[in-house]
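Let me begin by presenting the structure, written as structure tokens, before commenting on it.
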Amino acid sequence: MISIRNISKTYGETEALHDITLEINRNELFGLIGPDGAGKTSLMRILMTLLLPDSGSASLDGCDVVKEFRKIRKMVGYMPGRFSLYQDLTVEENLHFFATVFGTTVEENYELVKDIYSHIEPFGTRRAGKLSGGMKQKLALSCALIHKPKILVLDEPTTGVDAVSRKEFWEMLKNLQKKEITILVSTPYMDEANLCDRVALMQKGTLLDVDSPGRIIQKFGKRVLAARSENMFRLINDLRTFPKAASVYAFGQFAHFTSPDDDVEVNELENFLLKNGHQAVEVEEIEPGIEDVFMGLMQNSLQQSVAAGNTNNKPSKKQT
Amino acid sequence: MENRQPVIKAENMVKKFGAFVANDHLNFEVYQGEIFGFLGANGAGKTTAIRILCGLSTPTSGNITVGGFDIYRETELIKKNIGYMSQKFSLYEDLTVSENIRLYGGIYGIPWRRRKEKEKELLRKLELEEARNKLIAGLPLGWKQKLAFSVAILHDPAIVFLDEPTGGVDPITRRKFWDLIYEAADRGITVFVTTHYMDEAEYCSRVSIMDAGRIEALDTPENLKKQYNARNMDEVFVKISRK
């Protein structure tokens, strides 16, 4: 449904996208996962015909993003990262405005937005600028959907949104997917990767991996030990001094530990912590999550750039 | 914890906007060297409370002291004794790294000689010596964030307020940032932090969770999980905010 071939984009000296090739299937819920500066917004803006790539090409449902931009603009719904509504129009006016611009009416496509719009309908005469964050988000989504797009593109819809509203938003997306809309969504929250059919992990303009969240985790192949004790700060600092530590990072109440050769056992780490005077020590081997994988891939790509002759950087700790 | 000095004391803090009650009788204390997580859904009243505690907004009623100073009469003293970092990082984009450090040193009234020492010390610690004459605008997000935090505590305040400091950064940078927070707390600086990352709630000494203008829960992450029969803070948060 969305086909991206060798897209690159540079702003001055900054390379925002480096030779990106990616296929997104019809009716897929696809996630671009990565931090600020990964290139998520640039890629979306190219697909939305709002930005020209330096090289490469892309098409949506067979239409080229450069030559057939008019067709594309009719078939997509786009919710940009910044609040995109008219602040001084009311809720109703915004929805009618977007419907009219696309040559349709609210009545014609009301079915599609009903589940989402019904939450804000009681505030129909309120100005959009006066809505709470969660309500603005629902209105923006309604407006992006009111012309019944085939493809819905959402740029970080859940950034800065609290954990509960984020869960509700993803439930809405799942429901839209059932209505045969292809959805491309970006997010800096790694845990949201698990809610997508497939994801692209992005970092600094490149794709670290593209696959289903389950397979990405399977491929990771490293053993992760989760440790906890009564003092997280000391726990992390001590684990980093463990001779066979490759990475040690805090994950909520646990610290996740990997070793270069995967040969550190649970009781070995336990004994080490007890010897260092930790109390309430617990160590167990766990299934890695997307965030473990992302951080592992980030480190690998750093090391590759070091190996590629970037000798000014510090030598890598791993791999001897 | 109780024998420690409270750095923030709020008794029956109320803030109304017209008929709307944004903060409804908040009662809490924050102790020295504590990492205090201030959580709540969007619109729960967190920003209103932080603005009051920073001396930027006057409460409707309540007895509140920050760093031992009265929130009604001594707001200027409060401002001198706190640090503040927002998600927008409050650095001047068209000034260099060094210029930003010097500017904040000046604003906080750090003597000139001490300011130069501090600048040197900070550049070394953050490994920004080579980037000292670069404009902020061109720096990677993770560097900006480290610098913004360090500048916010340049004057060794009693307390630093961090308003969603880790939004949008990659998972490694986010964790490195927490290393800085731990280090500051270890030095005795009280850290008052808001976040939407529930894993970060687990790193706090104590956590308060606001809902509809009230503090619904306040305890250590460990006790909250027990109390709400939850596996992690995410579940605690959902149970409180979704009821």
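Proteins come first, then strands; the chains are lettered A, B, ... in the order of their sequence lines, and each starts at number 1. Atom set for the values below is all heavy atoms of this structure, side chains included, hydrogens, waters and symmetry mates excluded.
- With a threshold of 4.5 angstrom between heavy atoms, B/D179 approaches chain A through its backbone and through its side chain.
- The local environment of NZ in A/K9 is crowded, with over 12 non-hydrogen atoms from other residues, nucleotides or ligands closer than 6.0 Å.
- Counting non-hydrogen atoms of neighbouring residues, nucleotides and ligands closer than 6.0 angstrom, the CZ atom of A/R240 exceeds 12 such neighbours.
- The 12-atom threshold is exceeded at NZ of A/K219, counting heavy atoms of other residues, nucleotides or ligands nearer than 6.0 Å.
- Contact count versus chain B (heavy atoms, under 4.5 Å) is highest, among A/M190, A/E168, A/Q203, for A/E168.
- When heavy atoms are compared at a cutoff of 4.5 Å, B/P171 approaches chain A by way of both its backbone and its side chain.
- Here the CZ-CG distance, from A/F254 to B/N232, works out to 9.5 Å after rounding to the nearest 0.5 Å.
- Residue contact with chain B, scored on non-hydrogen atoms closer than 4.5 Å, is absent for A/E156.
- If you take CG on A/D162 and OG1 on B/T195, they are separated by 11.5 Å, rounding to the nearest 0.5 Å.
- Heavy-atom neighbours of A/K174 NZ from other residues, nucleotides or ligands within 6.0 Å: above the threshold of 12.
- By the 6.0 Å contact criterion, CZ on A/R223 is enclosed, its count of non-hydrogen atoms from other residues, nucleotides or ligands being greater than 12.
- Contact check on B/D234 versus A/K167 returns a salt bridge, with a Lys/Arg side-chain nitrogen under 4.0 Å from an Asp/Glu carboxylate oxygen.
- Contact annotation for B/K225: only side-chain heavy atoms (C-beta onward) come within less than 4.5 Å of a heavy atom of chain A.
- Residues B/F237 and A/V164 meet the side-chain proximity criterion, which asks for heavy atoms closer than 4.5 Å.
- Within the model, atoms CG of B/D199 and OH of A/Y189 stand 10.5 Å from one another, a figure rounded to the nearest 0.5 Å.
- Distance alone, capped at 3.5 Å, places no donor-acceptor pair between the B/D170 side chain and the A/P35 backbone.
- The pair B/R174-A/E291 meets the salt-bridge criterion, with a side-chain N (NZ, NE, NH1 or NH2) lying under 4.0 Å from an Asp/Glu carboxylate O.
- Formation of a donor-acceptor pair under 3.5 Å by the B/R175 side chain with backbone atoms of A/Y249 is not found in this model.
- Both the backbone and the side chain of A/M295 come within less than 4.5 Å of a heavy atom in chain B.
- Around atom CG of B/N229, no more than 12 heavy atoms belonging to other residues, nucleotides or ligands sit under 6.0 Å away.
- Side-chain atoms of B/Y203 do not come within 3.5 Å of backbone N or O of A/Q253 as any donor-acceptor pair.
- Separation of atoms CG (A/D36) and OG1 (B/T173) is listed at 10.5 Å; rounding is to 0.5 Å.
- At least one side-chain heavy atom of A/M232 sits under 4.5 Å from a side-chain heavy atom of B/Y182.
- When the shell of 6.0 Å around CZ of B/R214 is examined, it contains 12 or fewer heavy atoms from other residues, nucleotides or ligands.
- For the options B/E183, B/H196, B/M198, B/E200, heavy-atom pairs under 4.5 Å to chain A are most numerous at B/H196.
- A/F294 touches chain B through its side chain: at least one heavy atom from C-beta onward sits under 4.5 Å away, while N, CA, C and O do not.
- Distance alone, capped at 3.5 Å, places no donor-acceptor pair between the B/N42 side chain and the A/V161 backbone.
- Only the side chain of A/R228 comes within contact range of chain B, with heavy atoms under 4.5 Å apart.
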